[in-house]
Amino acid sequence: ADLNEAKEKAYELVDEVSFLQRKGFSLATVTFSSVAKSVLIEMEENIKEGNNEHYTYAIKKYLLPYFKNKHINHITTKDLILFDKYRTKQLGHVASSSLINTHNVALKKCFDHAINDNKMRVSELPKLQKAKNKDFNKRGSFTNDEYLKLNKFLRTDYLKQARNGNEKDKRNMLRDYVQILANSGIRNGTESANIKWKNIEWIVDRETKEKDIDIYIETSKTEKGRRS
């Protein structure tokens, strides 16, 4: 009786597997953690390409802790909705459109890796959450009066309060840094840190002889942003 029951269960399993294969479901399952770690290795080897550092951070900080032991081909749209709630709780506010897009790209890298490695089928891809048009997390900006007040403070009281020597030099440098960012639109952080002397050139007006500075920012392999 036990042998017959075992055979019956084996037949049912074969039928189920055949059904899943016909419907396009993958049979070899791996955890999200396993795939994500492989993706991280690939991205960290090419960290200088594009904005990989943002995606590696997204995977390590948000995606891995949440989807860790979930089979990657079993992640559904409902799971992504629940992930959005988890992300909001971690942030303490609704995620910005740019952050949602960054996480979507990082997720897609993981899904694409699983598909290319035959651990997931295209038919199993969940629908990624679209970023909202309205950005609830935009940074504030200075008014003209606030900027003038800040600039005056950096030029006067801020310098007067500094001790002579290295401290005064650093405060002068900070004032120059603030003025460059404020007058060019260059972002603080990676964008400004990557400026080299080769990215800066003087432009002289032929008629007025007035000088201006052009700064070229390399935003990707093929694009350059121009600030002046």
Side-chain angles (χ1 to χ4, degrees), residues 17 20-21 23-132 135 137 139 186-196 198-199 216-226:
V17 169
L20 290 173
Q21 285 181 319
K23 289 294 183 180
F25 291 97
S26 57
L27 300 179
T29 61
V30 294
T31 62
F32 180 87
S33 176
S34 175
V35 174
K37 286 176 181 177
S38 296
V39 172
L40 284 172
I41 292 171
E42 290 180 2
M43 289 199 296
E44 287 172 353
E45 287 176 351
N46 303 291
I47 198 70
K48 293 182 180 179
E49 297 184 12
N51 293 318
N52 275 351
E53 64 272 16
H54 300 303
Y55 305 134
T56 57
Y57 180 79
I59 292 172
K60 291 177 180 179
K61 175 70 176 178
Y62 296 98
L63 304 182
L64 260 175
Y66 186 80
F67 293 111
K68 191 174 181 180
N69 295 319
K70 181 85 173 176
H71 287 117
I72 193 164
N73 62 321
H74 292 167
I75 294 175
T76 64
T77 301
K78 183 179 179 180
D79 291 321
L80 296 181
I81 293 172
L82 293 175
F83 168 70
D84 184 45
K85 293 180 180 179
Y86 162 82
R87 177 172 53 199
T88 299
K89 185 176 180 180
Q90 294 296 308
L91 291 169
H93 55 76
V94 176
S96 66
S97 296
S98 61
L99 184 62
I100 292 173
N101 288 333
T102 296
H103 287 185
N104 282 350
V105 172
L107 274 168
K108 191 173 185 304
K109 285 179 180 289
C110 293
F111 290 140
D112 287 347
H113 184 91
I115 290 171
N116 292 335
D117 205 27
N118 295 319
K119 297 297 189 295
M120 184 178 187
R121 293 179 184 270
V122 175
S123 59
E124 294 173 310
L125 281 172
K127 185 177 181 181
L128 296 176
Q129 176 195 6
K130 290 185 178 180
K132 301 176 178 63
D135 198 329
N137 196 33
R139 292 186 178 94
I186 295 171
R187 297 180 184 88
N188 177 41
T190 304
E191 193 170 86
S192 59
N194 287 335
I195 298 174
K196 306 290 189 301
K198 67 179 182 178
N199 303 122
Y216 295 85
I217 305 298
E218 297 182 7
T219 55
S220 70
K221 282 185 173 181
T222 57
E223 297 180 6
K224 288 186 178 181
R226 182 174 177 176

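These numbers come from a predicted model, not from an experiment.
- A donor-acceptor pair is defined here as one N or O able to donate and one able to accept, closer than 3.5 Å; such a pair exists between the side chain of Asn194 and the backbone of Thr190.
- For Lys108, the salt bridge (Lys or Arg N to Asp or Glu O under 4.0 Å) criterion is met by Asp112, not counting sequence neighbours.
- When every heavy atom of Val39 is checked against every heavy atom of Lys109, the shortest pair comes out as CG2-O, 3.9 Å.
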### Task
Output, in order, the C-alpha distance, side-chain angles, deciding distance and verdict of side-chain contact (heavy atoms from CB on, under 4.5 Å) for His113 and Glu42.
CA-CA 10 Å; His113 184 91; Glu42 290 180 2; 3.2 Å; yes
### Message
Walk me through whether Leu107 and Phe32 qualify under side-chain contact (heavy atoms from CB on, under 4.5 Å).
### Response
CA-CA 10 Å; Leu107 274 168; Phe32 180 87; 4.1 Å; yes
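- If you check the side chains of Thr31 and Ser33, you find no donor sitting under 3.5 Å from an acceptor.
- Here Lys60 pairs with Glu44 under the salt bridge (Lys or Arg N to Asp or Glu O under 4.0 Å) rule; sequence neighbours left out.
- Under the salt bridge (Lys or Arg N to Asp or Glu O under 4.0 Å) criterion, Lys37 pairs with no residue at all, not counting sequence neighbours.
- Asn69 meets the side chain to side chain donor-acceptor pair (under 3.5 Å) test with no other residue; sequence neighbours excluded.
- For Phe111, there are no ring-ring contact (aromatic ring centres under 6.0 Å, His included) partners, not counting sequence neighbours.
- Partners of Tyr66 under the ring-ring contact (aromatic ring centres under 6.0 Å, His included) rule, at least two apart in sequence or in another chain, are Phe83, Tyr86.
- Evaluation of the side chain to side chain contact (heavy atoms under 4.5 Å, CB included) rule for Asn116 yields no partner, not counting sequence neighbours.
- Ser192 pairs by the side chain to side chain donor-acceptor pair (under 3.5 Å) definition with Tyr177, not counting sequence neighbours.
- The side-chain heavy atoms of Leu128 and His103, taken from C-beta on, include no pair separated by under 4.5 Å.
- Nearest heavy atoms, Ala106 versus Ile59: CB-CG1, 3.9 Å.
- Every pair passing salt bridge (Lys or Arg N to Asp or Glu O under 4.0 Å) that includes a residue from residues 87-96 is listed here, sequence neighbours excluded: Asp84-Arg87.
- For the pair Leu64/Leu40, a side-chain contact is recorded, criterion being any heavy-atom separation below 4.5 Å from C-beta on.
- Residues in residues 66-81 take part in these salt bridge (Lys or Arg N to Asp or Glu O under 4.0 Å) pairs, two or more places apart or across chains: Lys70-Asp79.
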### Task
Evaluate side-chain contact (heavy atoms from CB on, under 4.5 Å) for Leu80 paired with Lys127, printing each intermediate quantity in order.
CA-CA 8 Å; Leu80 296 181; Lys127 185 177 181 181; over 6 Å; no
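- Smallest separation of non-hydrogen atoms from Met43 and Thr56: CE-CG2, 3.6 Å.
- Remark: Thr77 engages no residue in a side chain to side chain donor-acceptor pair (under 3.5 Å) (not counting sequence neighbours).
- Heavy atoms only, all atoms of each residue included: His54 and Thr102 are closest at O-CG2, 3.9 Å.
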### Task
Start with the C-alpha gap between Leu99 and Leu91, add the side-chain angles, then the distance that decides, and say whether side-chain contact (heavy atoms from CB on, under 4.5 Å) holds.
CA-CA 11 Å; Leu99 184 62; Leu91 291 169; 3.6 Å; yes
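- Partner of Glu124 under the side chain to side chain contact (heavy atoms under 4.5 Å, CB included) criterion, chosen from Ile115, Thr76, Asn73: Asn73.
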